[in-house]
Structures are given as structure tokens and as C-alpha cells.
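First up is the structure itself, then whatever we jot down about it.
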Amino acid sequence: MELVVALGVIVFKVALVIAILLLLPLPLTWLERKIAGHMQQRMGPMRVGWHGLLQPVADGIKLLTKEDHIPAEADRFLFKLAPILALAPPFVVFAAIPFGESVSVLGNEITLYISNLNVALLFVFAVIGLEVYGVIFGGWAANSKYAVLGSLRTCAQMISYEIPMGFAVIGVVMLAQSMSLLDIVRAQTDVWNVVYQPIGFFVFFVAGLAEAQRIPFDLAEAEGDLGAGFHTEYSGIRFALFMVSEYVVMVLVSVLTVILFFGGWNGVLIPLPPLLWFLLKVAFFVYLFMWFRFTFPRYRYDQLMAIGWKVLLPLSLANIIISGVVFF
């Protein structure tokens with residue numbers, strides 16, 4: 001009986017996480033357009049629902065009812081597979097993401113994570129690296145020069161920024177003496193890692209912007225010169241899957257930043273529930289992503305590559321050396 005209950009709890013957690021991640025783009029798209037509007041001294045969405053609250057629902061209905069167009073010369077199998085490959089890895093990663101320790105429900109202790117892997121950090125980087133295949137296949141399968149350019153840009157960008165991003169967390173692993181995300185958060189009970197690892201945080205967050213393909217690093221799409229890049233030929237629900245993937249990756253980078261550098265659910269001064277602390281921190285970094293989008297211009301491609309290889313990579317290596325000398 002206990003085994004059945006345990007399996008039921010796991011299934012419920014998985015279903016809840018999937019449902020939340022699928023629905024997250026609805027409020028986030030509305031919020032992003034509102035932030036853009038206020039930054040540019042305009043109202044943003046106002047027509048559908050109170051203050052445009054139902055605009056994401058209207059957009060979803062539009063995407064679901066649009067014609068699902070596939071170019072005549074496209075590789076149909078890869079063309080259909082690409083959005084799934086882009087969407088699946090960010091969802092799988094959340095199986096190893098903790099949102100807190102545990103809560104008591106009807107006298108039973110329920111952990112706020114699906115699994116506690118002792119190599120969770122390694123698992124996260126290994127799985128999220130697969131997301132680039134969806135983008136590359138999407139561009140290649142469409143048999144369009146603009147889409148291929150966008151996918152090739154993405155391949156070079158993701159490889160260039162995954163390396164410093166991985167190096168940036170080595171100092172955090174040194175501090176926690178573990179690759180378990182739970183252990184990393186527990187090690188920050190007194191002092192958050194950002195105090196000891198400011199360079200690591202800077203490198204990780206900038207590389208995270210590039211991994212999420214957000215301005216100023218959205219060279220994969222670059223609407224101004226590529227006509228939307230790798231998903232130029234996509235429409236309807238397949239296009240929507242790419243957009244959902246982008247928002248889920250943005251949330252994932254925010255969650256990892258909070259867990260690795262800002263104490264996870266550990267609070268400071270104000271006695272709030274741990275889960276609320278965690279959500280407030282994640283919301284701040286999600287807002288930061290949106291703020292940057294409407295603040296900074298897009299880099300040229302040579303600048304993008306120079307930042308990755310000539311700035312972030314040396315900084316991440318220097319951080320490892322300094323951390324090793326200081327801590328040990």
C-alpha cells in the first residue's frame with residue numbers, strides 16, 4: 001500500500017509540474033508585453049479582458065486554429081520532431097529541481113521535489129544541452145536559407161556559452177562539496193553563494209541569457225535580419241511549442257540562478273515561508289530577463305562570440321583558480 005501511495009505522489013508531482021510549465025507562458029507573455037508597454041510609455045494589451053488579461057488565451061486560440069503549414073521541400077519527419085526536441089529537455093530537467101525541503105499535508109511529509117539526485121547539477125547540464133538539437137533540426141529540416149542561418153547561429157552560440165556556464169558553477173560545487181541541488185541550498189543557510197562567488201554568478205547569468213536566446217543574445221532569431229531565424233517556416237501549434245520552450249528555459253535559468261547563488265528558499269530578515277522566498281527570487285530574475293529585453297540592443301555576431309570566448313571563458317577559469325586557492 002505504501003508503494004502505491006508513493007507512486008501516486010510521484011505521478012501527481014510530475015503532472016503538477018508539467019501543468020504549471022505548460023501554463024506559465026500565458027501569464028508570462030501578458031506580463032512581458034505589459035512591462036514592454038510601460039517601459040515604452042504605452043498601455044500594452046488592453047482590449048481582451050480587464051487590462052488585456054485574456055490576451056494570452058486569445059493568442060493561444062489563434063495559434064491552435066492557424067493552418068499547420070509544412071514547406072513542400074522540407075524533411076517532414078525532422079520538421080515535426082524539432083519542436084518536441086526543443087520542448088522536452090527543459091521539462092525533463094525540472095524532475096531534478098527542488099522547490100523546498102518538505103511540507104506537511106494531512107499529517108504526511110511531502111517533499112517539494114520529484115527526485116533528489118546526488119549528481120543533479122550534472123544531470124541538469126547534460127539534459128539542457130540536448131535542447132539545441134530541436135533548434136538545429138527545425139532550421140535544417142525547413143530547407144530554408146534563413147532558417148538554416150538561424151539554426152547554425154544557435155549551434156555556435158549554445159556551444160560557446162555552455163562551456164563558461166558549466167565552469168561558472170564549479171566554485172559553487174567546491175563550496176557545497178556536492179552536486180546535489182538540495183545540498184547546495186543547505187550550504188547557503190548562513191551566507192548565499194553570491195557573496196563568495198560574484199564572478200561565478202556574473203558569468204552564469206550572462207551565459208544563461210545567451211542559453212535562453214534572449215536579448216541581447218537572441219542571434220538565433222534576430223527578427224530584423226533573419227525573419228525569425230530557425231522557426232521562420234513554422235506556424236500554428238508547432239510555432240507555439242518553440243515559444244513555450246523559450247519561456248520554460250527562461251524560468252529554468254532563473255530557478256538555477258536562485259538555487260546556485262541566491263540561497264534557494266533560504267530567506268533573510270523577513271520571516272516568510274521558504275516556498276514564498278523561493279518564488280519571489282525566481283520572479284525577480286524573470287523580471288530581469290524581461291527588463292533586459294527592452295533595454296539593451298542586440299550584439300553583432302562577432303561581438304557575441306567575442307564575449308563568450310574572450311570574456312566569459314577566461315573569467316570562469318580565473319574564478320575556478322581563485323576559488324581553489326582561497327577555499328583550499
Side-chain angles (χ1 to χ4, degrees), residues 21 24-25 28-29 32-33 35-36 82-91 93 124-125 127-142 144 146-166 168 203-234 238-257 285-309 311-312:
L21 292 178
L24 260 182
L28 289 182
T29 51
E32 186 161 21
R33 292 164 76 176
I35 290 172
I84 299 170
L85 283 177
L87 186 64
F91 275 71
V93 164
V124 166
F125 279 98
V127 174
I128 200 63
L130 300 175
E131 192 246 352
V132 69
Y133 285 103
V135 178
I136 292 173
F137 287 172
W140 182 260
S144 161
Y146 300 106
V148 169
L149 281 172
S151 64
L152 291 177
R153 281 182 172 186
T154 301
C155 181
Q157 177 175 325
M158 300 281 273
I159 292 171
S160 299
Y161 282 86
E162 276 177 3
I163 296 171
M165 192 177 191
V203 173
F204 183 87
F205 187 69
V206 174
L209 280 170
E211 287 291 299
Q213 299 159 27
R214 301 281 298 187
I215 285 177
F217 300 100
D218 71 329
L219 272 293
E221 298 173 26
E223 295 91 339
D225 50 299
L226 283 180
F230 64 90
H231 54 61
T232 300
E233 304 296 339
Y234 281 87
R238 299 188 206 280
F239 172 80
L241 291 179
F242 278 120
M243 292 298 99
V244 171
S245 171
E246 180 180 316
Y247 277 100
V248 172
V249 170
M250 180 177 71
V251 173
L252 175 62
V253 173
S254 301
V255 167
L256 288 174
T257 304
F285 282 102
V286 169
Y287 171 75
L288 218 56
F289 271 87
M290 296 177 180
W291 176 26
F292 286 179
R293 178 176 178 179
F294 305 107
T295 302
F296 298 111
R298 182 187 297 121
Y299 287 116
R300 293 195 317 266
Y301 195 70
D302 61 311
Q303 293 173 328
L304 173 100
M305 300 305 285
I307 290 170
W309 291 104
V311 178
L312 296 187

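For the numbers below, each heavy atom of this structure counts, side chains included, while hydrogens, waters and symmetry mates do not.
- Phe242 CZ to Tyr247 OH: the interatomic distance, rounded to the nearest 0.5 Å, is 16.0 Å.
- Between Met165 and Gly208, the shortest heavy-atom distance links the atoms CE-CA, 3.9 Å.
- Shortest non-hydrogen contact noted between Thr257 and Phe204 is OG1-CE2, 3.5 Å.
- Of the candidates Val251, Val244, Thr29, Leu24 forms a side chain to side chain contact (heavy atoms under 4.5 Å, CB included) with just one, namely Val251.
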Please step through side chain to side chain contact (heavy atoms under 4.5 Å, CB included) for the pair Phe217 and Val206, ending with a clear verdict. CA-CA 9 Å; Phe217 300 100; Val206 174; 3.7 Å; yes
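- Going from atom CD1 of Ile128 over to atom CD of Glu162 covers 8.5 Å, rounded to the nearest 0.5 Å.
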Checking side chain to side chain contact (heavy atoms under 4.5 Å, CB included) for the pair Arg153/Leu304: CA distance, chi angles, key distance, verdict? CA-CA 10 Å; Arg153 281 182 172 186; Leu304 173 100; over 6 Å; no
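- No donor-acceptor pair under 3.5 Å is formed between the side chain of Gln213 and the backbone N or O of Thr154.
- Annotation: the span from Glu131 atom CD to Phe91 atom CZ amounts to 11.5 Å, rounded to 0.5 Å.
- Of all non-hydrogen atoms in Ser254 and Phe289, the two that sit nearest each other are OG-CE1, 3.5 Å.
- If you take CD1 on Ile163 and CE on Met158, they are separated by 12.5 Å, rounding to the nearest 0.5 Å.
- A tilted orientation is assigned to the rings of Phe137 and Tyr133, their planes being inclined by 30° to 60°.
- Taken to the nearest 0.5 Å, the OH atom of Tyr146 stands 9.0 Å off from the CG atom of Leu149.
- Taking all atoms of both residues into account, the shortest heavy-atom contact from Leu312 to Ala207 is CD1-N, 4.2 Å.
- Surrounding CZ of Phe125 are more than 12 heavy atoms belonging to other residues, nucleotides or ligands, all under 6.0 Å away.
- Of the possible polar contacts, none joining the Ser160 side chain to the Gly308 backbone as a donor-acceptor pair under 3.5 Å is found.
- Residues in residues 205-216 take part in these salt bridge (Lys or Arg N to Asp or Glu O under 4.0 Å) pairs, two or more places apart or across chains: Glu32-Arg214, Arg214-Glu246.
- The minimum heavy-atom distance linking Leu85 with Gly134 is given by the pair CB-CA, 3.7 Å.
- With values rounded to the nearest 0.5 angstrom, Trp309 atom CH2 is found 10.5 Å from Tyr161 atom OH.
- Counting all heavy atoms, side chain and backbone alike, Pro90 lies closest to Val248 at CB-CG1, 3.5 Å.
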